[in-house]
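What follows is a single structure, written as structure tokens, with notes after it.
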Number of protein chains: 2
Amino acid sequence: MDDLAGLLGLDGNGEVPSGRIIQIYEVACRQFAQRGFDGVSMRDIAAECGISKATLYHYFPDKDSILRPLAMGATKSIYLHVARHDDATLPAVDRLRRFIVETATFFEAFRWAWIAGSTAFWSDPEARARKERVAWRDRYEQLLRDILQAGIDSGELKIGDVKIAGRLVLGTINWMPRWYNPAGPLKAPEIAGQFCNLLLDGLRAAPPAKAVRQRKKAVE
Amino acid sequence: MDDLAGLLGLDGNGEVPSGRIIQIYEVACRQFAQRGFDGVSMRDIAAECGISKATLYHYFPDKDSILRPLAMGATKSIYLHVARHDDATLPAVDRLRRFIVETATFFEAFRWAWIAGSTAFWSDPEARARKERVAWRDRYEQLLRDILQAGIDSGELKIGDVKIAGRLVLGTINWMPRWYNPAGPLKAPEIAGQFCNLLLDGLRAAPPAKAVRQRKKAVE
DNA sequence: GGCAACCAACCGATCGGTCGGTATGGATGA
DNA sequence: TCATCCATACCGACCGATCGGTTGGTTGCC
């Protein structure tokens, strides 16, 4: 189960979230992820929850306020999760591995919320919420770039452009939800670990110097 | 300009495509990419084209038949494009570079169609069209895996799992449309070239043997 | 005359959202 | 003890707006 309550921050404070509210979040989250925000009607959500549409509006003022906490929670929690597991005293290579693997761990736990948030990013009409979400996303991406820069400074990594390298890493991670099969033989963190190995050491077999020359000629 | 006519296969046959049809494709394509298929109404498209909604239905029988050729064309053409530029007699490393760079070249030319197709993949109600599109997508991904396998066989590449490595490469490419800025200093093929360098040689600075030992200890 | 291009007006369906009302169960006060 | 009260949880029926799509035309050019 997803433990969406944790992602939404509903379990920490004094409020006791109704089980119905959690159910609505879970149902809506999966439907948004699978068919998109516009592709899901309030009637759809109500039907799968086994309640009437009017009851849905007893718990939520409008459709946006179902998606918003999910999208915000996913974006904010992913940063808090990787930041909690980061340790700036470790070698940058290990920090990078943790960043990648912990992102996958998080994504596996909150797959639907992640997808729903990333596909419906553009539709929130409330500017403040949109801005806050972008800020958390920026923190997440900045942490990765900080790790890469630390690796350059320590001599562990050899990177021309930190921004480009960051895009490379983020692309591999962010594309995972599109094809990842939870029922497959490899769990997300294992795949992420292999990604990290490939990213660090490259696809190329260690070439003798003359092979490099030959390659350069062939490109021309 | 996009030259959507080429992507749609409208210029090769005897038919003379009306300029209006091209205009509708261009407008719809960009709107679908920016706001999603469900987020765009036929009224929106008609308004930006400067025609009435009824006239839209003079050229297209329904909404799906505007998106379908765009999505199909993007998926089919990307494969044909990279396959045309592939040369199985070249070293696998060069073939891989061409695959990545030519994908970026194509994506830069048909950015909106690419995005519209990849986001609206799931909504086509016509099973035959969906199946055909998946088939072209599979050919595209299989070509990449073939190149990787050729590199393993020739000793150029050192890859444990071709599927995983393929996902890695595809992720970096497919995520590009999400952040790529056409007005930025680097064009898509240049970025793709840098991606290829990083993918081939890795982020890690060539480590002395003892540094590798140290790293392994730190992971534990 | 015939046909491509175009449009205002309209259709049934569905959208997000509202309204008035009901069943229930626990606290309150005489 | 029992009537009252109130908040919570729920629902059927409805609203105006908008959706994809249709109809019955009117132009203007060959």
Side-chain angles (χ1 to χ4, degrees), chain A residues 5 10 13-71 116 119-120 122-126 129, chain B residues 5 10 13-32 34-71 116 119-120 122-126 129-130:
Chain A
L10 294 177
N13 50 19
E15 286 198 34
V16 181
S18 155
R20 187 66 87 185
I21 291 182
I22 301 292
Q23 181 202 19
I24 292 170
Y25 272 126
E26 284 174 352
V27 167
C29 183
R30 204 189 57 260
Q31 292 200 10
F32 287 154
Q34 290 174 329
R35 304 204 305 278
F37 184 73
D38 289 329
V40 175
S41 74
M42 294 296 265
R43 287 165 177 83
D44 294 333
I45 299 170
E48 190 176 328
C49 290
I51 60 177
S52 75
K53 186 164 64 78
T55 301
L56 214 49
Y57 281 93
H58 174 69
Y59 293 101
F60 294 89
D62 52 39
K63 194 182 177 185
D64 281 315
S65 60
I66 304 180
L67 173 64
R68 191 173 302 130
L70 289 168
T119 57
W122 330 95
S123 66
D124 195 321
E126 196 180 311
Chain B
L10 294 176
N13 49 21
E15 285 198 36
V16 182
S18 154
R20 188 64 90 186
I21 290 183
I22 301 292
Q23 181 200 18
I24 293 170
Y25 273 126
E26 284 174 353
V27 166
C29 183
R30 204 189 56 260
Q31 291 201 10
F32 288 155
Q34 290 173 330
R35 305 203 306 277
F37 185 73
D38 289 329
V40 175
S41 75
M42 294 296 266
R43 286 165 178 84
D44 293 333
I45 299 169
E48 190 176 329
C49 290
I51 58 177
S52 75
K53 186 163 65 77
T55 302
L56 214 50
Y57 281 94
H58 173 70
Y59 293 101
F60 294 89
D62 51 40
K63 194 182 178 186
D64 281 316
S65 60
I66 304 179
L67 173 64
R68 192 173 303 130
L70 290 168
T119 57
W122 331 95
S123 65
D124 195 321
E126 195 181 311
R130 222 172 35 229

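For clarity, every value in this text was computed on a predicted model and none was experimentally measured. Chain letters run A, B, ... following the sequence lines, proteins first and then strands; every chain starts at 1. As a basis for the values below, the full set of heavy atoms in this structure was taken, side chains included, without hydrogen atoms, waters or symmetry mates.
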Using the side-chain heavy atoms of A:Ile51, tell me which of these nucleotides is nearest: C:dA5, D:dC11, D:dC19. D:dC11

With a 4.0 Å limit, can you tell me whether B:Arg20 has a side-chain N or O closer than that to the phosphate oxygens OP1/OP2 of C:dC6? yes

Would you indicate what B:Thr55 reaches in the nucleic acid, counting non-hydrogen atoms under 4.0 angstrom: base, sugar-phosphate, or nothing? base

Under 6.0 Å between ring centres: does that hold for A:Tyr25 and A:Phe60? yes

What I'd like to find out is whether the side chain of A:Thr119 reaches to under 4.5 Å of the side chain of A:Phe32, using heavy atoms alone. no

Would you kindly compare B:His58 and B:Arg43 by the position of their nearest DNA chain C nucleotide and give the one closer to the 5′ end? B:His58

Note, B:Asp44 side chain near B:Val27 side chain (heavy atom, < 4.5 Å): no

Please list, chain by chain and in numerical order, all residues satisfying salt bridge (Lys or Arg N to Asp or Glu O under 4.0 Å) with A:Asp62, sequence neighbours excluded. none

Expressed as a whole number of angstroms, how long is the span from A:Leu56:CG to C:dT18:C1'? 14 Å

Take atom CG of A:Asp38 and atom P of C:dC15, then tell me their distance rounded to the nearest Å. 12 Å

Kindly say if B:Ser41 contacts the phosphate of D:dC19, meaning a side-chain N or O under 4.0 Å from OP1 or OP2. yes

Could you state the CG-P distance from B:Leu67 to D:dG20, rounded to the nearest angstrom? 13 Å

Does the A:Arg20 side chain pair with the main chain of A:Leu56, one donor and one acceptor, at a distance under 3.5 Å? no

Annotated protein contacts, base or backbone, on nucleotides 22-30 of chain D with a non-hydrogen cut-off under 4.0 Å, one of B, S, - each: BB-------

Round to a whole Å and report the spacing from CD1 of A:Ile45 to C1' of C:dC15. 13 Å

Counterpart residues, salt bridge (Lys or Arg N to Asp or Glu O under 4.0 Å), relative to B:Arg30 (two or more places apart): B:Glu48

Measure the distance from CE on B:Met42 to C1' on C:dC11 and round it to the nearest whole Å. 16 Å

Side-chain N,O (A:Tyr59) to OP1/OP2 (D:dC10) below 4.0 Å: yes

Could you work out which one of C:dG17, D:dC10, D:dC19 sits closest to the side chain of A:Asp62? C:dG17

Looking at B:Thr55, is its backbone amide N or carbonyl O close enough to the side chain of B:Ser52 to form a donor-acceptor pair, meaning the two atoms are under 3.5 Å apart? yes

